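Bear in mind that the values here come from a model prediction, so they are computed numbers and not experimental data. Numbers restart at 1 for each chain; the letters A, B, ... are given by sequence-line order, proteins then strands. These numbers come from the heavy atoms of this one structure, side chains and all, not from hydrogens, waters or symmetry mates.
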There are 2 protein chains.
Amino acid sequence: MPVDRVIDAAVELVDEVGPREFSMRLLAQRLGSSTATLYRHFAGKDEILVQVVERVLGEVHLHYPDLPAASWQDQLIAGADALFQTLKHHPRTVSLFDNHVPFGPHGLAGREAALSILLSTGFPPEIAAKAYTAVAHYVIGFAGQLHLDSTTTPDETQGLRTFYRSLDPARYPATVTSAPHLPGSLEDEFHFGLQLIVHGLARHLPSEGRGLPG
Amino acid sequence: MPVDRVIDAAVELVDEVGPREFSMRLLAQRLGSSTATLYRHFAGKDEILVQVVERVLGEVHLHYPDLPAASWQDQLIAGADALFQTLKHHPRTVSLFDNHVPFGPHGLAGREAALSILLSTGFPPEIAAKAYTAVAHYVIGFAGQLHLDSTTTPDETQGLRTFYRSLDPARYPATVTSAPHLPGSLEDEFHFGLQLIVHGLARHLPSEGRGLPG
DNA sequence: ACCTGAACACCGTTCAAGT
DNA sequence: ACCTGAACACCGTTCAAGT
């Protein structure tokens, strides 16, 4: 009956069994209730999963560091990283973020925070909007690799590196050369691209080139 | 019986009904066969979907422009754009790319092509590997928004803009200010972030700063 | 008012039985 | 050898019936 209790259980269930095995029956069982009861409180499975996404976004603030007076770049990076860290705690929910713009208060709050940093820094609204979209899609796209599907044939990271190294060097010379770094630490790779995006933004600032922070 | 014929039909079916409605029964029916026959040729649904991804990647080369002697930046962008254009033709397959590293020949070919550009430009293997990962995840993450789920409440683009503009400006000032540009043309937004990433890469080139193309 | 067992029309997958 | 109808154990969703 209490809606929050249902979503709590739903997040737990997705964390444990993944979105593919998540079912209304399992959820009802975990709540000691029946599926028909769930339908008295939610339109259906999809609505519950949408609220699972919102609940996860509600944890992002837990991963914000204390940044008293950081540069706009560091603030943006901290925001993107907070989302990434949150998704790391709920890796099996990431695919729920696909094909879905988060409209709930937590989704809007994250968007608002990022746009606010960009606008107050002096970016024009159009650039700010595009920058936010670029960063958001980058984080989600990257987070999708947090929980590699176990159906993937060589599914351990080590196996993947071995696989790349075992390729024919005549046919895939560049891949074999890069194999020891493919895939590296997901954390490092994530920050690498994030820095590229955020620092590249500077050239779209109207007062480009000069400008001291603070 | 012919494996290619099955995958052709599977791509068609995912394009038409989406991955959620895709089923072995529908696929068998379209082939004038039975599900049990499909299991004689494929381990299961997941294996078929993996091959659907490979088949889609096989179309990427169709979207490469002729670039006789372009800069490494333009070559990278062209490659990322070719993938993006391909996914635009099969928007409902994008979620199949999630949680899945493409191991087939077409997936490897794309990786090899990108790494080859980067290594021959002079990037160290570690940077090349990270750059490839960043670009790949960016493209996939962005392409995920190509086919917005119809379960999303305000699902037409115009409705989305209207929704953002209807928010309380006191609570979401930055979002409301950026509303006319949120979401803009997906194509424009995609290229904006792509340029950021690719041009940001230049600072990781050992011979940074100078260096004339061609 | 609030809940639910049982049903409906589906799934993915398997297997005995057909040619 | 190659195929398949029918079954098994599940789904999401609904509804008549219970308290």
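- Taking the six-membered ring where the residue is Trp, the centroids of His61(B) and His106(B) are separated by 6.0 Å or more.
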Report task. Let me have DNA chain C in dot-bracket notation, would you? Count Watson-Crick plus G-U wobble pairs, both distances under 3.5 Å, and use [ ] for pairs crossing earlier ones and | for inter-strand partners. Result -> ||.|||||...|||||.||
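- Contact between the side-chain N/O atoms of Thr37(A) and the OP1/OP2 oxygens of dT4(C) is found at a separation under 4.0 Å.
- Note: Phe190(B) and His137(A) fail the aromatic proximity criterion, with ring centroids not under 6.0 Å apart.
- Taking the centre of each ring, Phe192(B) and His204(A) come in below the 6.0 Å mark.
- Between Tyr164(B) and Tyr172(B), the closest side-chain pair of non-hydrogen atoms is not below 4.5 Å.
- In Glu21(A), the CD atom is not crowded: 12 or fewer heavy atoms of neighbouring residues, nucleotides or ligands sit closer than 6.0 Å.
- Between Arg30(B) and Asp8(B) there is no salt bridge, since no side-chain N of the basic residue sits under 4.0 Å from a carboxylate O of the acidic one.
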Detail all sub-3.5 Å separations between protein N/O atoms and N/O atoms belonging to nucleotides 12-16 of chain D.
| unit_1 | atom_1 | unit_2 | atom_2 | d |
| --- | --- | --- | --- | --- |
| dG12(D) | OP1 | Met24(A) | N | 3.4 |
| dG12(D) | OP1 | Lys45(A) | NZ | 3.2 |
| dG12(D) | OP2 | Met24(A) | N | 2.9 |
| dG12(D) | N7 | Arg25(A) | NH1 | 2.6 |
| dG12(D) | O6 | Arg25(A) | NH2 | 3.0 |
| dT13(D) | OP2 | Tyr39(A) | OH | 2.4 |
| dT13(D) | OP2 | Lys45(A) | N | 2.9 |
| dT13(D) | O5' | Tyr39(A) | OH | 2.9 |

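- Considering only heavy atoms from C-beta on, Leu108(B) stays 4.5 Å or farther from Phe103(B) through its side chain.
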Report task. Begin with the C-alpha distance, continue with both residues' side-chain angles, and end with the deciding distance and a verdict on side chain to side chain contact (heavy atoms under 4.5 Å, CB included) for Leu49(B) and Phe22(B). Result -> CA-CA 10 Å; Leu49(B) 292 179; Phe22(B) 175 90; 4.0 Å; yes
Scan nucleotides 17-19 of chain D against the protein and return all N/O pairs shorter than 3.5 Å with their distances rounded to 0.1 Å.
none

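- In this structure, the CD atom of Gln29(B) is 11 Å from the P atom of dC10(C), given to the nearest Å.
- In this structure, the CD atom of Glu21(A) is 18 Å from the P atom of dC11(C), given to the nearest Å.
- A salt bridge does not link Glu112(A) with Arg171(B): none of the charged nitrogens is closer than 4.0 Å to a carboxylate oxygen.
- Lys88(A) and Asp81(A) are not joined by a salt bridge, as no carboxylate oxygen comes within less than 4.0 angstrom of a charged side-chain nitrogen.
- Taking side-chain N and O atoms only, Ser34(B) has no distance below 4.0 Å to OP1 or OP2 of dG5(D).
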Query raised in the report: For Asp15(A) and His89(A), what are the C-alpha separation, side-chain angles and deciding distance, and is it a side chain to side chain donor-acceptor pair (under 3.5 Å)?
Result: CA-CA 9 Å; Asp15(A) 281 345; His89(A) 283 78; over 6 Å; no
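- Between His41(A) and dC3(C) there is a side-chain N or O to OP1 or OP2 distance below 4.0 Å.
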